[in-house]
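The chains referred to below are lettered A, B, ... by the order of the sequence lines, with proteins before strands, and numbering in each begins at 1.
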Amino acid sequence: MMREPTWEEVWYTGWMRPSGKLQAAILSSKLGGLDKKRLQMVKSAIDAGEIGLGVDSLKKFTKAHAMRLWRDLQEQRKETVLKDMVAQTPDNYRLIQTESQLEQLVVALQSEPIISFDTETTGLDVYNDVIVGMSLTLPKADYHVYIPVAHKVGKQLKRSVVMDALMPMLTNPKVGKVLHNAKYDMHMLIRHGVRMRGLAHDTRVAMALLNENETSYALKNLATKYGKHFGFEDTSLTFEDLFGKTCFDEVPLDVALVYAAKDTHLTWKLYEWQRQHLQRLGKLEELYRELENPLIDVCVEMEQCGFLIDRNYAQEYGEELRSEIHQLELSLTDHFGDINCNSPIQLARKLYDELKLPEVNARSTDVKTLKALKDKHPGIEHLLKYRELTKLLSTYVEALPERIKSDGRIHGSFNQVATVTGRFSSNEPNLQNLPPKARKLIIAPPGKLIIGSDFSQIEPRVLAHISGDRHLQEPYLNGQDLYSTLASRVFKKPIEECGDGSKYRKMMKVGLLAVMYGTSMHTLSTQLEITVDEAHQFICDFFRTYPQVHSFIKYTHEFVKENEYVETLYGRKRRFPGHRQKAKVYDSLAKQICEILGVEELPLNVWRNNDIPRDLKRKFYDVKGDVESARRQSVNAVIQGTAADIMKRAMLNLQQYCLARGWSLCGTVHDEALMMVDDSVTNGDVKEIEECMTSAASLDVPLVVDTEIMQRWGEGVKKEEWFASAA
DNA sequence: AGCACAGGCCAC
DNA sequence: AAACGTGGCCTGTGCT
């Protein structure tokens, strides 16, 4: 990975060593201010002969001089690298430039049941950029081609000619395609009228299943890291390194060939290697084949569908917010003077230094702290309102319309492998964190309706299933309210006192979440506004009432300690490398502490306990954070991950269902699926949609789906109400 | 001008 | 000492 170093890095990390010697270093005016450690590093580097210049002569180098040197070196290096790359182009890398070459390729493709494919484009925007070339790997014939179609220089075929020739292969579901991040190429192909079918394997998605902790899923980085396992030498130069900001259509064809063909070659090798590992892991292979791989197509459909924005509404709402914000700004200036209230630094200075407000929460200026300070200063209330409105305006009301593409819609992307638990993420824009007021910007086109179906209490249901706790399952099996039943049992109160809106039911809701997320007693106590001891008692009561939930959590902790991973119901893994050792240390230290104190259970406040030796405490706190964090994550990963698996399975069903009717699945918000349907949708249709979701998994408790129907997102009406008023 | 990071805050 | 899991976006700030 190469980038321009900061001037400090230039000298002390050896960035400028093309041939083992540090050619120059920068010190500029800061040389005199070097700390001893760094100076020592320079000195020892000189002694070791790593630096060719003495410290005194280094002083001569200015920052500009060194940067220029560095750039020159990079330019030289780049040219050499490119020249070498071209010179070393393997014999089985071929450019396709003529009709007859293309014809031969098409014939050769007839005997390839599965190939690797990649596109080169003018940029990364799948709704605006275009394809400039395509590469293919033909594994049986053992060669790799690059077909330029829109490079500025060089002999090449027209894109339309190549598309026509490749169309049968690309659209044939029986010809398997292996790609790295297929969603991207599939969108690009759609821009040129080709809907690819037969996606056999996506090396990026598969890699995420094989190691969800990977720091980068870029093909080049995977090659660097794993290439030695499948006979691919380290290719440390990325696209950026080689071509910088130049558009791929400016890259000469000989260079393009070796670069692009290597990509499919590499993808193919990576595929073969991944296939071995998936097969070895069995369950993960099934998860990939049955769930994640087909889901890629669903993502493409969802993103193509997009969301229609009500421009007028956005415009009017924006005006309204802007004028309200303007008024607030005036009164904020009255209260706090001429500072930028968006700046936590300026605000903290004003509140704590000048106005001397009590520092309840370490000079924080977040909502919680401000609310606590509400009575201390009249301006705080305005500030809170200002925060709320500017957030709404800048992040949503102004930002969403800016994303509108030529079809009047926003096409956010949905990433099925961006989270460690298996949940979806969304970006550009993030459609999963729109507050209700921002959701109102999204409407159904004329003749259509938006349907939102969400799994009711999916995570508690998953917990009830996985833990096998009959008591927890009971309310679901008997159609009773979960939280009321729980509250009644845990607090030993008659069910009448635990109904909707009761404090016990409210506490129980927070409490169950705390159990699933492993919340500390301290946090739980503040959330429930009770003492830490009461919170502890509450959790103890909960575990006594639902012993198998407790066993499940303890079992999960034991399992992750032994195996360094946990698994969802469908075999998705969440790995915690290095956890075993730390957990052993943690447990043995915890045992020692308990023995010293003569107690069974680790006390809540180990640090403040003076009966425990300092050294022991220090050692314990060394691993405490990591181990407890991994334990919380492991329990959460099983529950959240299983819920995510179920939603993904549901999405496959929904996609099938929608496709058959010409409707579209257009998004997911974790436990909710969003669809665009005809406004002629019937109660029966909705029942079938819900059936798609409830049949996605068969747990020991039933899955329940609630559906809202709407013309405008955020103004949904429950299906019962919708169809009642329609009739 | 562009990058990285922190603080803050939106969702489930 | 650390405090609840999974994400992404905006603003300010400091840097080159």
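At a threshold of 4.0 angstrom between heavy atoms, the contacts of A:Thr390 with the nucleic acid are absent. Counting non-hydrogen atoms under 4.0 angstrom, A:Gly625 reaches nothing in the nucleic acid. Counting any heavy atom pair closer than 4.0 Å across all strands shown, A:Leu392 reaches no nucleic acid atom. If you check every strand for non-hydrogen atoms under 4.0 Å, A:Ile345 touches sugar and phosphate atoms only.
Residue pairs meeting the ring-ring contact (aromatic ring centres under 6.0 Å, His included) criterion with at least one member in residues 612-636 of chain A, sequence neighbours excluded: A:Tyr586-A:Phe620, A:Trp607-A:Tyr621. Within the structure, ring-ring contact (aromatic ring centres under 6.0 Å, His included) contacts touching residues 410-440 of chain A (residues at least two apart or in different chains) are A:Tyr127-A:His411.
With sequence neighbours excluded, the residues forming a side chain to side chain contact (heavy atoms under 4.5 Å, CB included) with A:His550 are A:Phe543, A:Lys554, listed by chain and number. Looking at residues two or more places apart in sequence or on another chain, you find a side chain to side chain donor-acceptor pair (under 3.5 Å) between A:Glu214 and A:Asn211, A:Lys225, A:Tyr226. For A:Thr369, the side chain to side chain donor-acceptor pair (under 3.5 Å) criterion is met by A:Asn361, A:Ser364, A:Asp366, not counting sequence neighbours. With sequence neighbours excluded, the residues forming a side chain to side chain contact (heavy atoms under 4.5 Å, CB included) with A:Asp469 are A:Ser467, A:His471, A:Leu472, A:Tyr546, A:Pro547, A:Gln548, A:Val549, listed by chain and number. Taking A:Glu292 as the reference, A:Gln416, A:Arg572, A:Lys648 meet the side chain to side chain donor-acceptor pair (under 3.5 Å) condition, with sequence neighbours excluded. For the salt bridge (Lys or Arg N to Asp or Glu O under 4.0 Å) test, residues two or more places apart in sequence or in another chain that qualify with A:Lys440 are A:Glu715. Partners of A:Tyr386 under the side chain to side chain donor-acceptor pair (under 3.5 Å) rule, at least two apart in sequence or in another chain, are A:Asn342.
Rounded to an integer number of Å, the gap from CG of A:Leu512 to P of C:dG5 is 16 Å. Per the geometry, NZ belonging to A:Lys368 stands 12 Å off P belonging to B:dC9, to the nearest Å. Between the CD1 atom of A:Ile458 and the C1' atom of B:dC12 there is a distance of 12 Å, rounded to whole Å. Protein atom CG of A:Asp626 is 10 Å distant from nucleotide atom P of C:dA2, rounded to whole Å. The separation between A:Leu602 atom CG and C:dA1 atom P is 17 Å, rounded to whole Å. Atom C1' of nucleotide C:dA3 and atom NE2 of A:His536 are separated by 16 Å, given to the nearest angstrom. Atom CD of A:Glu329 is separated from atom C1' of C:dT11 by 14 Å (rounded to the nearest Å). Straight-line distance from the CD atom of A:Glu459 to the C1' atom of B:dA11: 13 Å, rounded to whole Å.
Side-chain nitrogen and oxygen atoms of A:Arg363 include none within less than 4.0 Å of the OP1 or OP2 phosphate oxygen of B:dG8. Contact annotation: A:Gln346 reaches the phosphate of C:dT13 (side-chain N/O to OP1 or OP2, under 4.0 Å). Phosphate contact (OP1/OP2 of B:dC9, side-chain N/O of A:Arg387, threshold under 4.0 Å): present.
The side chain of A:Asn340 lies closest to C:dG12, out of C:dG12, C:dT13, B:dA11. In this structure, the nucleotide among C:dA3, C:dA1, B:dG8 sitting nearest to the side chain of A:Trp607 is C:dA1. Side-chain atoms of A:Ser343 lie closest to C:dT13 of the nucleotides C:dA1, C:dT13, B:dC9. Listed nucleotides: B:dC9, C:dA3, B:dG7. Nearest to the side chain of A:Pro344: B:dG7.
Judged by the 6.0 Å and 45° rule, A:Arg204 forms no cation-pi pair with A:Tyr184.
On the P atoms, B:dG7 is 15 Å away from C:dA2, given to the nearest whole Å.
A heavy-atom distance below 4.0 Å to DNA chain C is reached by these residues of residues 567-577 of chain A, ordered by number: A:Arg574. Residues from residues 629-647 of chain A lying near DNA chain C, meaning a heavy-atom separation below 4.0 Å, are A:Arg632, A:Gln633, A:Asn636, A:Gln640 in numerical order.
A:Ser453 and A:Thr707 share a donor-acceptor pair across their side chains, judged by distance under 3.5 Å alone. Side-chain contact annotation: A:Asp541 with A:Gln537, donor-acceptor N/O pair under 3.5 Å present.
Across all non-hydrogen atoms, the minimal contact from A:Gln633 to A:Arg574 is OE1-NH2, 2.8 Å.
Between A:Tyr621 and A:His670, the residue whose closest nucleotide on DNA chain C is further toward the 5' end is A:Tyr621.
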Protein-nucleic acid N or O pairs under 3.5 Å, nucleotides 7-10 of chain C:
residue: C:dG7; atom: OP1; partner: A:Val420; partner atom: N; Å: 2.8
residue: C:dG8; atom: OP1; partner: A:Ser425; partner atom: OG; Å: 3.3
residue: C:dG8; atom: O4'; partner: A:Asn430; partner atom: ND2; Å: 2.9
residue: C:dC9; atom: OP1; partner: A:Glu428; partner atom: N; Å: 2.7
residue: C:dC10; atom: O3'; partner: A:Ser394; partner atom: OG; Å: 3.4

